[in-house]
2 protein chains.
Amino acid sequence: MADQKTKTRHHHGNLRAALIEAGIDLLSEGGVEALTLRKCAARAGVSHAAPAHHFDGIDGLRVAIAEEGFLRFRKRMLDFADAGEQSPRGRLQGICKGYLAFAREDPALYDVIFSFRANSELIEQVQVNAAPAYQVLRDTCAPLVPPGTDPLVIETQVWSLVHGYALLNMTGRFGACTPPDDAVLALLDRIGIAA
Amino acid sequence: MADQKTKTRHHHGNLRAALIEAGIDLLSEGGVEALTLRKCAARAGVSHAAPAHHFDGIDGLRVAIAEEGFLRFRKRMLDFADAGEQSPRGRLQGICKGYLAFAREDPALYDVIFSFRANSELIEQVQVNAAPAYQVLRDTCAPLVPPGTDPLVIETQVWSLVHGYALLNMTGRFGACTPPDDAVLALLDRIGIAA
DNA sequence: ATCTGCATTTTTACACTGTAAAGTTTATCG
DNA sequence: CGATAAACTTTACAGTGTAAAAATGCAGAT
């Protein structure tokens, strides 16, 4: 019995999923500041204290939202990789474009995903949820790792580059004179080649 | 008269500076969540409504804190650049090390500095405050820009790389197996060279 | 020197948020 | 059918930002 993972029982049905959905909507509509336990509860049609039985406070909800966010993040990267040129470097370009697309399409969700800090108590669970998304980047980098090089070095170079570029865009750093994505993506072609 | 910029008059003295100082202390002690108008006021020994006459709400205080933060950020980069090898690439390595040092020494202040988003109403003032810090990076990159290349391309590559690496560190991405800084800094030597 | 004006600060008040505790409803199972 | 537990509501409280009004005290003018 009770085989369906998200059971639709009791009063509301599956409140947990509804709250996560409401939270993601609030984020896309009003940014990180708009994400509130009470507003999520109101959208789901329950009292403001109901979420307490499904999440460990507002941070617990944010972790759950990040879990769903990482799923979408991963999907976006894979979609772009599958749609582009099917060479190792073509796929790397693809996932980086998907990376940027996700950040631009839902910047608040992107912010939530990367809002947990290393000293947080929640960081371990967030890392578990993030692992499949990072694995995409890892797999895509793998064919480009030169023999004798630690894969972590290549992965770190790629992640840092695209992550930093996405953030600099979101912080409005470039203002009117925004560089084209190619300015950064071109550097990808210099990663992992013999010096 | 009234030539001294931050005048020390009236009741408190210069409450504005005291509130900024209190805010920076709160950040380093308790992270971004600990930054509160009321706590800053309490530390400065004034009532909780006093800050309203010096800042435009909590966001106004955050902008002012970011202004001071960018000053310290700039100084940290210049200190590292001046202390290292005095070649164009040596200085670039220096400012990047200073960049990372600042982020690690005061992660919450670093977070505040880069917390304003492009759609914010405050972004223009933040950009003004940030300009001197970014100019350091710009000046350091200048000697490494190949003829015929837009300097913005080189700057963006360098900023994205170090900014992303700093953030990935702070989000605890690497966990136990943290790559050495050299894994990323080494890529700097491939920036701006002929393909 | 005193008085008036004004910047500064305090007091008071209110809405919103997270959270805890106790009570109520309802599904599930014996 | 009744007992039990899960889901949810109600109530309550502390902390936060913010606005408005009242009080304070310095500066310059008369």
Side-chain angles (χ1 to χ4, degrees), chain A residues 1-23 25-27 29-65 108 112 115-116 120-122, chain B residues 1-23 25-27 29-65 108 112 115-116 120-122:
Chain A
M1 346 289 161
D3 201 11
Q4 329 156 358
K5 37 173 30 179
T6 58
K7 27 187 146 181
T8 67
R9 286 185 277 242
H10 289 314
H11 303 121
H12 175 279
N14 53 356
L15 181 54
R16 186 186 148 91
L19 290 168
I20 293 174
E21 188 68 24
D25 290 347
L26 283 169
L27 281 172
E29 292 169 18
V32 280
E33 310 229 320
L35 180 60
T36 284
L37 263 182
R38 287 170 112 105
K39 278 192 268 201
C40 287
R43 290 219 172 187
V46 295
S47 80
H48 69 267
H53 291 263
H54 298 275
F55 307 101
D56 188 9
I58 180 64
D59 281 329
L61 174 61
R62 291 178 63 250
V63 169
I65 288 177
V112 168
S115 67
F116 302 91
S120 165
E121 308 164 358
L122 310 148
Chain B
M1 330 304 157
D3 201 10
Q4 329 156 357
K5 34 171 34 177
T6 59
K7 26 188 148 181
T8 67
R9 285 186 276 244
H10 288 313
H11 302 119
H12 175 278
N14 52 356
L15 179 56
R16 187 186 148 91
L19 289 169
I20 294 174
E21 187 69 24
D25 289 348
L26 283 169
L27 281 172
E29 292 169 18
V32 279
E33 311 229 319
L35 179 61
T36 284
L37 262 182
R38 287 169 112 105
K39 277 192 267 200
C40 287
R43 289 219 173 186
V46 296
S47 81
H48 68 266
H53 291 262
H54 298 275
F55 307 102
D56 189 9
I58 179 65
D59 281 329
L61 173 62
R62 291 179 63 252
V63 170
I65 288 177
V112 168
S115 67
F116 302 92
S120 166
E121 309 164 357
L122 310 146

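Residue numbers start from 1 in every chain, and the chains themselves are labelled A, B, ... in the order their sequence lines are given, proteins ahead of strands. Computed from a prediction, not measured in an experiment: that's the story for all the values here. Atom set for the values below is all heavy atoms of this structure, side chains included, hydrogens, waters and symmetry mates excluded.
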*Rounded to the nearest Å, what distance is computed from the CZ atom of residue A/F55 to the C1' atom of nucleotide C/dG18?*
15 Å
*Check whether any side-chain heavy atom of A/F55 sits under 4.5 Å from a side-chain heavy atom of A/V63, and report yes or no.*
no
*For B/I58 and D/dG17, what is the distance between atoms CD1 and P respectively, to the nearest whole Å?*
5 Å
*asked:* Any salt bridge linking B/K39 with B/E29? Criterion: basic side-chain nitrogen under 4.0 Å from a carboxylate oxygen.
replied: no
Under 3.5 Å, which protein N or O atoms sit close to an N or O of nucleotides 10-12 of chain D? Give each pair with its distance.
unit_1 : atom_1 : unit_2 : atom_2 : d
D/dT11 : O4     : A/H48  : NE2    : 2.9
D/dA12 : N6     : A/H48  : NE2    : 3.4

*B/E121: what forms a side chain to side chain donor-acceptor pair (under 3.5 Å) with it, not counting sequence neighbours?*
none
*How long is the line joining CG of A/D56 and C1' of C/dT19, in whole Å?*
11 Å
*Check the distance between D/dG25's P and B/L15's CG and give it to me in whole angstrom.*
16 Å
*Length of the NZ-P vector between A/K39 and C/dC16, whole Å*: 10 Å
*asked:* If I take atom CG in residue B/D59 and atom P in nucleotide D/dT16, what distance separates them, rounded to the nearest angstrom?
replied: 16 Å
*asked:* Rounding to an integer number of Å, can you tell me how far A/L19 CG sits from D/dA7 P?
replied: 13 Å
_B/L37: partners by side-chain contact (heavy atoms from CB on, under 4.5 Å), with sequence neighbours left out_ = B/P51, B/I58, B/L61
*With sequence neighbours left out, write down each residue that passes side-chain contact (heavy atoms from CB on, under 4.5 Å) with A/R38, or none if nothing qualifies.*
A/T36, A/H48
*Not counting sequence neighbours, list each pair that qualifies as a side-chain hydrogen bond (donor to acceptor under 3.5 Å, both in side chains) and has a residue in residues 51-61 of chain A.*
A/D59-A/R62
*Between B/G23 and B/L35, what is the shortest heavy-atom contact and its length?*
CA-CD1, 3.6 Å
*If you check the A/L37 side chain, which of C/dT19, C/dT17, D/dG17 turns out closest?*
C/dT19
*A/N14 CG to D/dA6 C1': how many Å, rounded?*
15 Å
*Take A/G57 and B/V46, find for each the nucleotide of DNA chain C with the closest heavy atom, and name the residue whose nucleotide sits nearer the 5' end.*
B/V46
*Compare every heavy atom of B/A44 with every heavy atom of B/A18, then report the nearest pair and how far apart it is.*
CB-CB, 4.3 Å
With the criterion being N/O to N/O and under 3.5 Å, what pairs connect the protein with nucleotides 22-24 of chain C, and how long is each?
none

_Closest non-hydrogen atom pair between B/C40 and B/A22, with its separation_ = O-CB, 3.9 Å
